[in-house]
Amino acid sequence: MTPRWRTVAQASGLAAPDGTTRPTIFAEMTALAHATGAANLGQGFPDADGPAWIREAAVDAIRGGANQYPPGRGIPELRAAIAAHQLRHYGIELDPDREVLVTAGATEALAAAVTALAGPGDEVVTLEPFYDAHAAVIALAGATHVTVPLRPSSGGFRVDTVALAARVNERTRLILVNSPHNPTGTVLSDAELDAIAAAARRVGAIVITDEVYEHLVFGARPHRPIATLPGMAERTVTISSAGKTFSLTGWKIGWATGPAELIEALTAVKQFLTYSGGAPFQPAIARALTEGDPDIAELRNSLAARRDLLIAGLRAAGFSLVEPDGTYFVCADASPFFTAEVRDGAEFARALPALAGVACIPLSAFCHPGSDTAGALASWVRFTFVKDEATLLAAIERLAQLTPRPTH
Ligand SMILES: *Cc1c(COP(=O)(O)O)cnc(C)c1O
């Protein structure tokens, strides 16, 4: 069918050439998992809801009348709680009235930030592989997406800092960072954060940092916001959300913090995206951020145990992998299982539900088609461990039935 008009979505590649919605690989793999009864280690959402007391707080808020438009910037209690959280955890001082914006999840904060601050002719630099929504909002802004590879090594997926220095130039308006990183589970090292900060300062770029997994780090090294590096507070917009931290991904309460003039620029766009939202969830998340540190610690510990379980299971099945320091995800090289029909990670991910009753996501889904990184990671797939232990154990038992190719 020839479309009668060409939409921005088509022009930017978000829609198919005929104008239809491109199903994401996540939706495709979840549908396949449902159809085949596979353990869904593809899409990263928790199968257990967040703490009951936080959910009760939202119910109380509905009963108490928090049902009309909240203020566009977010209710004062939540903005104060976000500012207090940044101070308590990271020593970042914020004015809750001018330097904090509540959004419809981190997704809206990202969309508002990128469309407010970049446009045609501007370059936006991200790591590759990248979270799919990052590429989408750069495309919607009409900006050019430039990437810097993350490469697998025994020390984790590491930033190619030579490529970083070369690709950040005077056209770079934004560097969009994500640490802890989806899909690789990498927590950027101090040296990597320093290199990104130095590149941003060198060309006067703004840093947008997606820190939705800030509390889900498992190693000795805690999460370090790039805004805390020298000279960075004045040029960084920090984005996070309650979804991952409190296992409440459907609530879509997120936030952006940073210098007043940048938050003002985001607010100008955000007010015409959703204006405001999540009225009963905002007071509940204000309480969660204030009183929920024990719940965060419990989630982190339980996720670390599930991470270890899945890592051991994947290794026992014959995968080689890179151990993640954070997030919900572990990435593994599926090449030991390749055959005449299953020749790369995408074919493996499509075949795995039938082969072994498990769903995963190919890393190529997080790369530009045909890029060097897509080529380098063509055999890699991502599994999530944010599932209950029974699901993980069932998946591990099934994966153990796979037969790796004999090695010589
Ligand atoms: C889940 C996720 C988001 C989306 O956060 P919401 O608060 O649900 O909008 C953003 N960035 C990354 C890296 C994610 O994994």
Next item on the list: Would you check, one step at a time, whether the test salt bridge (Lys or Arg N to Asp or Glu O under 4.0 Å) holds for Arg88 with Asp293?
Entry: CA-CA 11 Å; Arg88 182 169 82 250; Asp293 284 355; 3.1 Å; yes
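- For the pair Lys244 and Phe45, the cation-pi test (distance below 6.0 Å, angle within 45°) is failed.
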Next item on the list: Could you please spell out the steps behind the side-chain hydrogen bond (donor to acceptor under 3.5 Å, both in side chains) verdict for Ser371 and Glu128?
Entry: CA-CA 9 Å; Ser371 72; Glu128 187 176 10; 2.7 Å; yes
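- Within the 4.5 Å cutoff, the side chain of Phe218 has heavy atoms near those of the Leu303 side chain.
- Relative orientation of the Tyr213 and Phe329 rings is perpendicular, given thresholds of 30° and 60° on the angle between their planes.
- When all heavy atoms of Pro222 and Val217 are compared, the closest pair comes out as CA-CG2, 4.4 Å.
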Notebook entry, point to check: Which is it for Asn178 and His134 under the side-chain hydrogen bond (donor to acceptor under 3.5 Å, both in side chains) test, yes or no, and what are the steps along the way?
Noted result: CA-CA 10 Å; Asn178 170 215; His134 293 175; 5.1 Å; no
Note to self: Checking Arg171 against Asp122 for the salt bridge (Lys or Arg N to Asp or Glu O under 4.0 Å) test, could you report, in this order, the C-alpha distance in whole Å, the side-chain angles of both residues, the deciding distance, and whether it holds?
What the structure shows: CA-CA 6 Å; Arg171 289 182 302 279; Asp122 295 333; over 6 Å; no
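- Tyr275 approaches Pro70 most closely through the heavy-atom pair OH-O, 4.2 Å.
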Next item on the list: Could you give me the CA-CA distance, side-chain angles and deciding distance for Lys252 and Glu108, then say whether salt bridge (Lys or Arg N to Asp or Glu O under 4.0 Å) is met?
Entry: CA-CA 9 Å; Lys252 299 296 283 190; Glu108 190 192 30; over 6 Å; no
Check: Can you list the steps and then say if Asn40 with Thr30 is a side-chain hydrogen bond (donor to acceptor under 3.5 Å, both in side chains)?
Finding: CA-CA 7 Å; Asn40 189 1; Thr30 293; 3.3 Å; yes
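- Here the shortest heavy-atom pairing between Ile396 and Gly313 reads CG2-CA, 3.6 Å.
- Of the candidates Thr327, Thr184, Asn182, Asn182 is the only one forming a side chain to side chain donor-acceptor pair (under 3.5 Å) with Arg382.
- No side-chain heavy atom of Glu214 sits under 4.5 Å from any side-chain heavy atom of Pro225.
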Next item on the list: List the steps, then state whether side-chain hydrogen bond (donor to acceptor under 3.5 Å, both in side chains) holds for Glu264 with Thr267.
Entry: CA-CA 5 Å; Glu264 197 61 33; Thr267 307; 5.2 Å; no
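- Between Ala374 and Cys367, the closest heavy-atom pair is CB-CB, 3.6 Å.
- Taking the six-membered ring where the residue is Trp, the centroids of Trp380 and Phe157 are separated by under 6.0 Å.
- The side-chain heavy atoms of Asp325 and Pro180, taken from C-beta on, include no pair separated by under 4.5 Å.
- Residues Ser379 and Phe338 meet the side-chain proximity criterion, which asks for heavy atoms closer than 4.5 Å.
- Contact check for Leu399 versus Leu314: side-chain heavy atoms found under the 4.5 Å cut-off.
- Ring geometry for Phe130 versus His145: interplanar angle of 30 to 60°, hence tilted.
- You'll find the side chain of Gln86 reaches within 4.5 Å of the side chain of Thr238, heavy atoms only.
- Here the shortest heavy-atom pairing between Leu248 and Arg55 reads CD2-CG, 4.0 Å.
- Shown here are the side-chain contact (heavy atoms from CB on, under 4.5 Å) partners of Ala351, two or more places apart in sequence or in another chain: Val342, Leu355.
- Around the CD atom of Glu298, the shell of radius 6.0 Å holds no more than 12 heavy atoms that belong to other residues, nucleotides or ligands.
- Looking at heavy atoms from C-beta onward, Arg173 lies out of side-chain contact with Glu123 at the 4.5 angstrom threshold.
- Of the listed residues (Ile196, Val125, Val146), just one forms a side-chain contact (heavy atoms from CB on, under 4.5 Å) with Val168, and that residue is Val125.
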Notebook entry, point to check: Which is it for Ile25 and Phe366 under the side chain to side chain contact (heavy atoms under 4.5 Å, CB included) test, yes or no, and what are the steps along the way?
Noted result: CA-CA 10 Å; Ile25 188 83; Phe366 304 91; 5.9 Å; no
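- Between Thr236 and Ile206, every side-chain heavy-atom pair lies at or beyond the 4.5 Å cut-off.
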Next item on the list: Start with the C-alpha distance between Glu56 and Arg287, add both sets of side-chain angles, then the distance that settles salt bridge (Lys or Arg N to Asp or Glu O under 4.0 Å), and finish with yes or no.
Entry: CA-CA 11 Å; Glu56 286 305 321; Arg287 277 195 59 197; over 6 Å; no
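- Nearest heavy-atom pair across Arg158 and Leu188 is NH2-CA, 4.1 Å.
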